[in-house]
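Below is one structure, written out as structure tokens; comments come after it.
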Amino acid sequence: MANPYIRIARLKDANSFMEYTQSLDIDLPMDEKLQVGSQSPLAQSYSLKSGRQIGNRFCILPMEGWDGTDDGSPTDNTKRRWLNFGRSGAKLIWGGEAVAVRHDGRANPNQLMIQENTLKGLEDLRTALVGVHREQFGSTDDLVVGLQLTHSGRFARPNIKTKLEPKILYHHPLLDDLFGVDPDQPVLIDAEIEALVADFVVAAKRAYQVGFDFVDIKHCHGYLGHEFLSSYSRPGKYGGSFENRTRFLREIVAGIRSIVPGLEIGVRVSAFDFLPFRSGPDGVGQPLEYRDEQGKYPYAFGIDPNNPLEIKLDEVFTFMQLLKSLDIELVNLSCGSPYYNPHTMRPAYFPPSDGYQPPEDPLVGVARQINTVAEIKAQFPDMAIVGTGYSYLQEWLPNVGQYVVANQMVDFVGLGRMVLSYPEMPADVLAGKPLDRKKICRTFSDCTTAPRKGLISGCYPLDEHYKDLPEAEQLKAIKAKL
Ligand SMILES: Cc1cc2nc3c(=O)[nH]c(=O)nc-3n(C[C@H](O)[C@H](O)[C@H](O)COP(=O)(O)O)c2cc1C
Ligand code: SF4
């Protein structure tokens with residue numbers, strides 16, 4: 001079925017954009033005019049409680065490229081992406097990309113790993129990013145660079161690109177079925193989780209040694225950290241109660257504080273999740289059905305189990321309170337998972353190969369993320385909060401970004417896909433330059449389709465570097481057969 005929604009590029013001015021969002025009946029506020037220079041809300045620095053300054057309100061979200069070596073070291077493609085992050089002008093770099101704390105936690109055989117033998121490569125990535133930022137923007141005193149630490153859990157593919165080797169915390173009636181988890185597969189036992197906690201702590205120490213300002217203990221997108229938060233049905237000390245479901249995080253934080261007290265800690269969390277979606281008969285995404293004997297869907301964090309397409313933030317607020325009590329100030333709010341409900345987290349006009357036609361105008365998904373983040377920010381005004389999902393706004397990203405920052409709906413505008421196609425967008429906006437429309441991400445999703453088909457990720461349609469690689473031809477051939 002053809003996508004019925006209006007493309008953003010066809011909305012020629014701010015009025016048309018605003019009229020269109022009104023017609024969708026969504027609340028997506030924006031400033032019609034962008035402020036430039038030191039007066040711009042996006043140019044304001046942010047002071048962390050430690051005294052560290054973050055020089056502006058753009059944050060580069062973590063994005064991996066499926067382009068590391070077999071042993072988990074960066075390649076030239078990885079370095080190029082990190083250089084682009086440095087050239088962007090954003091002053092908060094959230095982790096660069098997901099880096100596995102050990103081999104069985106890799107999301108693909110080319111994911112970076114943090115081990116003794118890969119440390120020099122990771123150090124070089126950070127140094128290169130900081131170096132290019134210094135060359136272009138002068139100061140790096142107000143540049144904060146973190147590293148995202150992960151175990152991919154249910155979505156681990158450490159050895160073969162096409163073969164899931166899941167590590168699960170509990171059996172999930174829908175995800176087990178969708179992703180072929182054997183009903184007899186054992187769940188991780190508590191002792192294995194304790195060993196994994198130790199791996200995260202060692203990884204954090206290594207990140208500190210090579211100069212990262214913070215580590216993110218990843219809790220989003222269906223990976224292991226996120227799965228803990230929905231482990232309602234798991235017995236024992238890591239499941240059931242809120243206290244048990246957050247024990248993994250608390251133990252990692254305690255471990256890091258005891259051996260690297262100087263290292264800042266951040267958390268990227270999926271603030272809500274929905275039922276898994278799959279393509280319906282017309283190709284449009286639809287939620288799967290599930291109810292337990294009580295009529296509930298007790299397998300997702302941040303939603304109402306009685307109505308699993310309805311956000312419910314009670315536990316999210318408790319989680320934020322926990323972060324606060326752990327002295328964690330940096331929080332990056334995302335949602336859902338790219339594997340089972342991608343339209344929620346990466347609103348796109350064109351779905352990736354394993355996706356479905358959008359079940360809603362992608363702007364509805366953008367507004368959902370922005371307004372949920374604003375609701376959380378209102379309750380936690382003194383936490384440094386990064387929002388996600390802005391790329392679909394395309395030419396209106398700076399206008400919406402300026403409004404939400406100026407109105408304390410969020411502290412940092414996170415950029416994901418946009419920075420793959422148009423790395424200099426933050427610098428252009430801050431300098432008051434007109435946007436380069438040829439570089440604006442149009443959410444073609446090739447950066448997701450390519451890795452789903454075993455190729456390196458990148459912006460094939462708009463970035464000359466990827467256009468010229470042999471992989472571009474392979475991707476074209478694969479897409480022609482879809
Ligand atoms: C190619 C690609 C790789 C990604 N890798 C990561 C990752 O390593 N860690 C993570 O937390 N999110 C990852 N994401 C999600 C992004 O950080 C971001 O949440 C998402 O793209 C939505 O933001 P956007 O609308 O600005 O693209 C990735 C997204 C893409 C497109
Ligand atoms: S491939 Fe390029 S244009 Fe398409 S979604 Fe990714 S970054 Fe955007």
Side-chain angles (χ1 to χ4, degrees), residues 1-11 16-28 30 61 63 174 178 220-222 270-289 300 302-303 307-311 334-373 387-397 400 414-418 420-421 440-453 457 459-462 479 482:
M1 200 183 102
N3 186 333
Y5 310 113
I6 293 188
R7 289 189 196 193
I8 303 292
R10 290 183 49 201
L11 302 167
S16 331
F17 180 77
M18 287 190 290
E19 274 170 24
Y20 185 55
T21 59
Q22 277 157 18
S23 76
L24 295 172
D25 206 16
I26 52 175
D27 198 5
L28 195 53
M30 66 183 249
L61 298 174
M63 266 175 303
L174 297 177
L178 280 177
C220 56
H221 305 162
S270 280
F272 60 89
D273 197 2
F274 285 156
L275 276 163
F277 276 61
R278 276 299 175 257
S279 186
D282 52 0
V284 178
Q286 58 182 44
L288 298 182
E289 292 285 336
I303 56 161
N307 183 359
L309 296 175
E310 192 85 12
I311 297 170
S334 184
C335 63
S337 165
Y339 300 106
Y340 56 82
N341 47 30
H343 74 285
T344 62
M345 63 157 307
R346 293 180 194 170
Y349 197 86
F350 304 95
S353 57
D354 62 341
Y356 40 76
Q357 291 298 330
E360 61 189 8
D361 189 300
L363 283 175
V364 174
V366 176
R368 184 186 296 115
Q369 289 201 60
I370 286 180
N371 292 313
T372 306
V373 169
T388 297
Y390 293 88
S391 289
Y392 187 76
L393 291 165
Q394 302 167 47
E395 25 280 272
W396 307 108
L397 188 159
V400 173
L415 298 185
R417 291 161 295 178
M418 187 62 82
L420 298 180
S421 69
I440 292 180
C441 165
R442 299 297 178 191
T443 67
F444 295 121
S445 291
D446 283 10
C447 51
T448 305
T449 295
R452 295 289 185 264
K453 299 296 175 191
S457 175
C459 182
Y460 289 84
L462 301 180
K479 285 180 70 176
L482 291 177

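FYI, the numbering just counts along the sequence from 1. What you see below is based on every heavy atom in this structure, not just the backbone, and it leaves out hydrogens, waters and symmetry mates.
- At least one side-chain heavy atom of Pro359 sits less than 4.5 Å from a side-chain heavy atom of His343.
- Ion pairing between a basic and an acidic side chain is recognised when a charged N comes within 4.0 Å of a carboxylate O; Glu395 and Arg442 show such pairing.
- Contact record, Ser337 with Gly222: CB-N, 4.2 Å, taken as the closest heavy-atom pair.
- Although no hydrogens or angles enter the test, the distance criterion places a donor-acceptor pair under 3.5 Å between the side chain of Gln369 and the main chain of Met345.
- Rounding to the nearest 0.5 Å places CH2 of Trp396 at 15.0 Å from OH of Tyr20.
- Here the closest heavy-atom approach between residue Pro351 and residue Tyr356 is recorded as CB-O, 3.0 Å.
- Residues Phe274 and Pro287 have side chains not in contact (no heavy-atom distance under 4.5 Å, counting atoms from C-beta outward).
- A donor-acceptor pair under 3.5 Å is absent between the side-chain atoms of Ser421 and the main chain of Cys459, judged by distance alone.
- Looking at Thr21, its side chain never comes within 3.5 Å of a backbone N or O of Leu28 through a donor-acceptor pair.
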Q: Under the side chain to side chain contact (heavy atoms under 4.5 Å, CB included) rule, what do Tyr392 and Gln394 come out as? Steps first, then yes or no, please.
A: CA-CA 5 Å; Tyr392 187 76; Gln394 302 167 47; 3.5 Å; yes
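- Atom NZ of Lys453 is separated from atom OG of Ser353 by 4.5 Å, given to the nearest 0.5 angstrom.
- Here salt bridge (Lys or Arg N to Asp or Glu O under 4.0 Å) pairs that include residues 336-349, with residues two or more places apart or in two chains, number zero.
- In this structure, Thr344 and Phe277 have side chains that are not in contact, with every pair of non-hydrogen atoms separated by 4.5 Å or more.
- In this structure, OG1 in Thr388 is found 4.5 Å from CG in Leu61, a value given to the nearest 0.5 Å.
- With no hydrogens or angles considered, no side-chain donor-acceptor pair links Tyr339 and His221 at under 3.5 Å.
- Taking the side chain as every heavy atom from C-beta outward, Asp27 and Ile370 never approach each other to under 4.5 Å.
- The CG atom of Leu174 lies 10.5 Å from the CZ atom of Arg278; values are rounded to the nearest 0.5 Å.
- Atom CG of Leu420 is separated from atom CE of Met63 by 4.0 Å, given to the nearest 0.5 angstrom.
- A donor-acceptor pair under 3.5 Å is formed between the side chain of Asn3 and the backbone N or O of Tyr349.
- Partners of Asp446 according to the salt bridge (Lys or Arg N to Asp or Glu O under 4.0 Å) rule, which considers only residues two or more places apart in sequence or in another chain, are Lys479.
- For the atom pair Leu363 CG and Leu393 CG, the distance stands at 6.5 Å (nearest 0.5 Å).
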